[in-house]
Amino acid sequence: MSMFQNVTSPSIIFLLTGAPGLEAVHIWISIPFCLLYITALSGNSLILFAVVTQPGLHKPMYYSLSLLSTTDLGLSISTLVTMLGIFWLNARKISFNACLSQMFFIKLFTVMESSVLLAMAFDHFVAISNPLRYASILTDLKIAQSGVAIITRGTLIQTPLVLLLKRLSYCHNHVLHHSYCFHPDVMKLSCTDTRINSAVGLTALITTAGVDLVFIILSYALIIKTVLSIASSEERKKAFNTCISHIGAVALFYIPLISLSFVHRFGKQAPPYVHTMIANAYLLIPPVMNPIIYSVKTKQIRRTVLKVLHPSAAKN
């Protein structure tokens, strides 16, 4: 007789994992994570507030930045309750439907972030290669249509992943190996054939992050070609400086994503807590660092944030 009963009911309960082997210091681990969440939530909220309230920031590039902050807020909020619940209260239980809902929103905001980074790369390309037509190409209407397309794309791609998990039977132990519901993690607990799930998951990854990264690289190849054709070295430097923040945001998003994929496939001998920490960093680093990068490198954002935090400092 099987040790575990076949379970297809939504009443199934999964058990999330904090840092395996480090349970005794979970409360201490929670301190840096709590600070990271506070930084991510406050930083992205400040940028959104700045863009919404300052008429001088009602421009395409800042609309894209506000959409990036929205996705970062979504990513942070999607994992906050379960992650801090584990480290603070050892609250590891999560229902099947709650798990699928969390997974859907994590995947949705991840795809949205990748799409926004691609849209921002196109924004930089137009601004550098055709500055005189920038305002006519990237109108407010087109930015709004892009936002709707980004949300629709993420929803259509991620919905099948969730629906396909509902058809599986779960007869293994129900312990997940992350602080949140991660698609490959849930899939491994099934005792039925998951080849379709794996194929759909891989296809979703390639057609979103994979395709977006290729087009981002292509955009920067065209940007570099355009910048090198500029005669003035000062203008070339100015053009490159406008891209630094975006390049940083792309690196912060894709490096942890690629690292997590490699660890899951080739790092089976690594300690379990390494997988958990990389998975947590994959979702926390971009929301934490993006507001800092854009506040430091973008003068208008920096001034507006300083004005909100300390009105007298913004005058300096």
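Note that NE2 of H26 is 7.5 Å distant from OG of S179, once rounded to the nearest 0.5 Å. The CG atom of N197 lies 4.5 Å from the CG atom of L168; values are rounded to the nearest 0.5 Å. Separating the CD1 atom in I150 from the OG atom in S146 is a distance of 6.0 Å, to the nearest 0.5 Å. Between the CD1 atom in I77 and the CZ atom in F105 there is a gap of 11.0 Å [rounded to 0.5 Å]. Atom CG of D185 is separated from atom CE of M103 by 8.5 Å, given to the nearest 0.5 angstrom. Here the CE atom belonging to M120 is positioned 13.0 Å from the OG atom belonging to S115, to the nearest 0.5 angstrom.
In this structure, the side chain of N44 engages the main chain of A40 through a donor-acceptor pair within 3.5 Å. Of the possible donor and acceptor atoms, one in the side chain of S229 sits under 3.5 Å from a partner among the backbone N and O of T226. In this structure, the side chain of S190 engages the main chain of S169 through a donor-acceptor pair within 3.5 Å. A donor-acceptor pair under 3.5 Å links the side-chain atoms of T82 to the main chain of T79, judged by distance alone. Panel note: side chain S95, backbone I13; no donor-acceptor pair is recorded below 3.5 Å. Between the S78 side chain and the Q102 main chain, no donor and acceptor come within less than 3.5 Å of each other. Side-chain N or O atoms of T152 include none that pairs as donor or acceptor with a backbone N or O of A149 at under 3.5 Å.
Looking at every heavy atom in both residues, C99 comes nearest to V186 through SG-CG2, 3.9 Å. Of all non-hydrogen atoms in T203 and T207, the two that sit nearest each other are O-OG1, 2.7 Å. The two residues P291 and P287 have their closest heavy-atom pair at CD-O, 3.1 Å. Considering all non-hydrogen atoms of both residues, G147 and L67 come closest at CA-CD2, 4.1 Å. The shortest heavy-atom contact between L108 and Q158 is N-CG, 3.9 Å. Contact detail for M83 and L284: the closest heavy-atom pair is SD-CD1, 4.3 Å.
In this pair, F96 and F14 present their aromatic rings tilted. The plane angle is within the 30 to 60° band.
Taken together through direct or relayed side-chain contacts under 4.5 Å among Ile, Leu, Val, Met, Phe, Trp and Tyr, V250 and I244 form parts of separate hydrophobic clusters. Under the 4.5 Å side-chain contact rule for hydrophobic residues, L163 and L205 do not share a cluster. Residues M61 and I293 share a hydrophobic cluster, clusters being chains of Ile/Leu/Val/Met/Phe/Trp/Tyr side chains in contact below 4.5 Å. Cluster membership check: Y180 shares its hydrophobic cluster with F253, using side-chain heavy-atom separations under 4.5 Å among Ile, Leu, Val, Met, Phe, Trp and Tyr. I255 and I206 fall into different hydrophobic clusters, where Ile, Leu, Val, Met, Phe, Trp and Tyr side chains are chained together by heavy-atom contacts under 4.5 Å.
Taking 4.5 Å as the limit, every side-chain heavy atom of T17 sits out of range of all side-chain heavy atoms of H178. Between I301 and S295, some side-chain heavy-atom pair lies under the 4.5 Å cut-off. Residues K107 and T208 have side chains not in contact (no heavy-atom distance under 4.5 Å, counting atoms from C-beta outward). C243 places a side-chain heavy atom less than 4.5 Å from the side chain of I128. Looking at heavy atoms from C-beta onward, F109 lies out of side-chain contact with L73 at the 4.5 angstrom threshold. Side-chain contact check for V148 versus Q145: every heavy-atom pair is 4.5 Å or farther apart. Between P286 and D72 there is a side-chain heavy-atom pair separated by less than 4.5 Å. Looking at heavy atoms from C-beta onward, D140 lies in side-chain contact with Y63 at the 4.5 angstrom threshold.
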Between D212 and Y254, is the side-chain contact (heavy atoms from CB on, under 4.5 Å) condition met? List the steps. CA-CA 10 Å; D212 292 349; Y254 282 101; 3.5 Å; yes
Kindly indicate, with the supporting measurements, whether the criterion side-chain contact (heavy atoms from CB on, under 4.5 Å) is fulfilled by V227 and R236. CA-CA 6 Å; V227 170; R236 285 201 298 267; 3.9 Å; yes
Let's go through N130 and F125 carefully: what are the C-alpha distance in whole Å and the side-chain angles of both, what is the deciding distance for side-chain contact (heavy atoms from CB on, under 4.5 Å) to 0.1 Å, and is it a yes or a no? CA-CA 8 Å; N130 206 339; F125 170 68; over 6 Å; no
If you apply the rule side-chain contact (heavy atoms from CB on, under 4.5 Å), what do you find for F87 with I27, and how did you get there? CA-CA 6 Å; F87 290 130; I27 191 65; over 6 Å; no
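By the salt bridge (Lys or Arg N to Asp or Glu O under 4.0 Å) test, R92 is found to be paired with no residue, residues two or more places apart in sequence or in another chain being considered. Annotation: salt bridge (Lys or Arg N to Asp or Glu O under 4.0 Å) contacts of R195 (sequence neighbours excluded): D193.
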Tabulate below the donor-acceptor pairs under 3.5 Å that side-chain atoms of residues 213-224 make, not counting sequence neighbours, or state none.
residue: S219; atom: OG; partner: F215; partner atom: O; Å: 2.8
residue: Y220; atom: OH; partner: H246; partner atom: ND1; Å: 2.6

Can you list, pair by pair, the side-chain donor-acceptor contacts under 3.5 Å of residues 45-56, counting residues two or more places apart and other chains?
residue: S45; atom: OG; partner: L41; partner atom: O; Å: 2.6
residue: T53; atom: OG1; partner: F49; partner atom: O; Å: 2.7

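Applying the disulfide (SG to SG under 2.5 Å) test to every pair with at least one member in residues 13-98, sequence neighbours left out, gives no pairs at all.
Through side-chain heavy atoms spaced under 4.5 Å, either directly or across other Ile, Leu, Val, Met, Phe, Trp or Tyr residues, L161 is tied to L164, I196, V200.
Applying the 6.0 Å contact sphere to OH of Y134 captures more than 12 heavy atoms from other residues, nucleotides or ligands.
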